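To start, the structure under review is shown below, and the notes come after it.
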Amino acid sequence: MGFDLAFALSSVPTILGAIGMTLSVALVSCIGAAAIGFLFDVVRRVGGFVGLTISFVIDFIRSTPLLAWLYFLYFVLPFYGIRLGSLTVGVMGLSLYYSGYLAEVFKAGIDAIPKGQSEAARALSLSRRDAVIYVIAPQMLRNIAAPLGNYFVSILKATPYLAVLAVPEMLGRAFDIASETYRYTEPLVVAGLIFLALALVISHGVKRLERRLLAVGAR
Amino acid sequence: MPMSLFEIWLGILQGLGTTLAVTAYGLVFAVPFALVFGVAQYLTRGVARLLVTGVIEFWRSSAVIILLFVFYYALPVVGVTLSALTVSAMVLGLNAGGYASQAVRAGLQALPAGQKEAGAALGLSRPAILLLIELPQALIAMSPTFVNTLIQLLKATALVSLVTLTDMTFRAKEIAQVEYNPVAIYTALLLAFFVVCYPIALAGRWLEARVAAPGSRSSGI
Amino acid sequence: MSQQSEPIVDIQGLNKWYGALHVLNDVDLTVASGACVVVCGPSGSGKSTLIRCVNGLGSYQKGTLRLAGTTLGVNARETAAARRQTGMVFQSFNLFPHLTVLSNCTLALQRVAGRSRAEAEHIAMSHLEKVRIPEKAKSYPGQLSGGQQQRVAIARALCLNPRLMLFDEPTSALDPEMIKEVLDVMVALARDGMTMICVTHEMGFAREVADQVVFMDGGCILDRAPARDFFGGSGHPRSRHFLNTVLKH
């Protein structure tokens with residue numbers, strides 16, 4: 001037996017055909033996770049009972065595995081009559097799971113802005129709204145850009161979890177080939193290498209971005 | 001008669017032993033890998049460093065779920081037969097070790113150069129400086145990050161249910177086949193992991209407050 | 001009462017507590033138009049807290065504070081209008097790191113004063129020239145030395161054409177060789193007739209341009225005198241002691 005290179009190469013087009021699906025799932029999930037995470041952090045800053053509750057929710061999400069969340073959403077939502085496609089459930093699961101991490105990214109990104117910045121904005125008589133738009137938000141975005149990019153890579157590498165819900169992304173396609181041909185090694189190795197290459201290329205891009213952000217506007 | 005919530009909970013906890021066994025066995029791979037490769041990346045230059053980085057990046061940057069399947073299906077093909085437990089512990093452990101190796105290297109690099117120089121001025125050999133001066137400080141400073149990695153490893157063990165090991169996740173799926181009560185079953189599964197991971201996270205936060213690691217901004221989980 | 005004869009800042013019986021800590025204790029201070037007042041005193045004496053109250057950055061619990069004829073905090077619109085007549089320079093510069101030097105200066109001109117971009121840039125450049133740093137207009141704050149950053153911060157505060165400038169230890173975060181370039185700008189500003197309240201330990205600066213020196217300790221104003229009397233050694237024993245320590249530095 002061993003590794004059949006010709007067979008492996010023949011499986012590349014089929015698996016690579018799902019790369020668009022993989023990237024869009026990762027992108028939509030990352031946006032969803034960032035939106036929920038940002039909301040979590042904003043509400044947490046309100047403090048009080050609501051803030052404590054959100055802190056606990058974040059801790060709970062971060063203490064539980066992605067796979068368990070995918071099963072939970074996949075099997076529990078229909079129980080309450082909510083029928084969604086497995087792709088939707090998968091994106092929801094990824095968004096929810098990573099929102100707990102992105103909440104911390106936003107927290108760190110906002111806390112890293114020195115207090116003097118909003119004081120200077122007030123001393124210049126900028127309105128609160130203008131201070132947020134022109135002073136706080138741009139600095140927050142600069143602070144979170146690199147960690148957000150790193151989490152995008154993490155989310156990308158987690159998209160093959162959706163194969164468990166029979167979403168036809170790259171790992172799903174690899175398993176399709178495997179179950180048709182009874183040869184698992186080649187398609188799985190191909191899928192693995194594609195993900196590895198994607199992760200390395202994007203991580204490299206994030207690193208370069210980080211270096212550029214550090215170079216400009218360092219204080 | 002339908003199972004009570006308590007019975008479902010107990011049923012899932014029957015998988016706790018496997019979950020913890022994979023985690024502990026995984027650490028057997030993760031800890032030496034992180035130490036050896038983290039230190040090697042710190043000490044080496046040029047081609048050697050490229051090789052070390054290549055190995056680290058393979059384990060760290062691959063999608064762990066695919067790595068698990070690849071090794072589970074491919075090793076027997078090339079004549080290596082390992083138990084599902086060993087394959088799982090190795091893949092999850094080396095993936096976690098890849099992450100931890102970066103913390104080891106970053107911790108070593110973050111030390112002021114004066115530490116190494118002070119050791120040399122005392123006449124210590126390079127290995128002695130590494131073992132007695134640099135590593136202890138780096139490992140203590142990065143300990144909150146290691147706790148995070150441990151939690152990630154523990155959570156990643158849910159994947160072993162996909163390669164037939166009867167961990168908590170596997171038990172939940174088994175129970176779901178005889179009992180139509182998804183809300184109770186999957187809530188119990190989430191809670192089971194929470195009960196195991198949350199105390200570790202709290203311990204990590206306590207550690208972080210004590211060491212106040214430079215450059216680590218983790219918050220415990 | 002005409003605006004000319006009324007003092008720009010009129011503080012009566014100002015009190016502030018942080019919990020049990022009495023940080024401002026019955027402070028009275030009036031600053032006439034065109035005057036330069038230097039506030040000094042040991043750290044924790046309440047001097048920064050005091051000038052932060054003047055432009056509404058800090059709050060207080062008791063007393064009255066009239067700024068440009070308006071009692072702060074009574075009417076939101078009038079308070080905002082009065083605050084707009086002040087400019088502030090901070091110890092840590094607080095330039096916006098993501099904006100160029102020019103954009104730091106034009107931001108409030110465009111968003112607060114409603115100037116067009118061209119007008120704002122024209123005004124900003126004139127102030128950057130005044131602080132002798134127009135060539136750095138396109139640079140980012142991170143590319144500037146501390147002294148250069150502080151001069152930009154002064155230009156930024158001047159852009160809204162304030163009647164009162166507040167300086168909160170403007171040279172304390174600077175390396176010694178950069179202090180002079182900032183003080184020179186401040187001296188020129190004072191000579192131009194700008195009304196200023198400066199929290200600073202730079203006694204040379206005080207001697208040169210201050211009309212009045214105020215010495216604070218423990219939240220109280222212990223001593224206030226025209227600069228020449230203050231340095232003449234006729235003041236409160238505590239301020240003489242302070243002066244001796246600072247001048248020996």
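From a predicted model like this one, the values you see are computed outputs, not experimental measurements. Computed from heavy atoms alone, side chains included, the values below leave out hydrogens, waters and symmetry copies.
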Closest approach of A/Ala120 and C/Asn94, non-hydrogen atoms and distance? CB-O, 3.5 Å
Side chain, backbone, both or neither of C/Leu57 within contact of chain A (heavy atoms, under 4.5 Å): both
Counting C-beta onward and ignoring hydrogens, is there a side-chain heavy-atom pair between C/Leu107 and A/Val135 closer than 4.5 Å? yes
If you count every heavy atom of other residues, nucleotides or ligands that lies below 6.0 Å from A/Arg128 atom CZ, does the total exceed 12? no
Under 3.5 Å donor-acceptor, C/His98 side chain and A/Tyr134 backbone: yes
Check against side chain to side chain contact (heavy atoms under 4.5 Å, CB included), A/Glu119 and C/Arg52: CA-CA 10 Å; A/Glu119 286 189 346; C/Arg52 291 163 63 87; 2.5 Å; yes
So A/Ser125 and C/Arg111, do their side chains get closer than 4.5 Å, heavy atoms only? no
Can you tell me if C/Arg83 uses its side chain to pair, donor with acceptor, with the backbone of A/Leu124 under 3.5 Å? no
Closest contact, heavy atoms only, C/Phe90 versus A/Ala123: CZ-CB, 3.9 Å
Taking A/Arg122 for the side chain and C/Gly56 for the main chain, is one N or O donor matched with an acceptor at less than 3.5 Å? yes
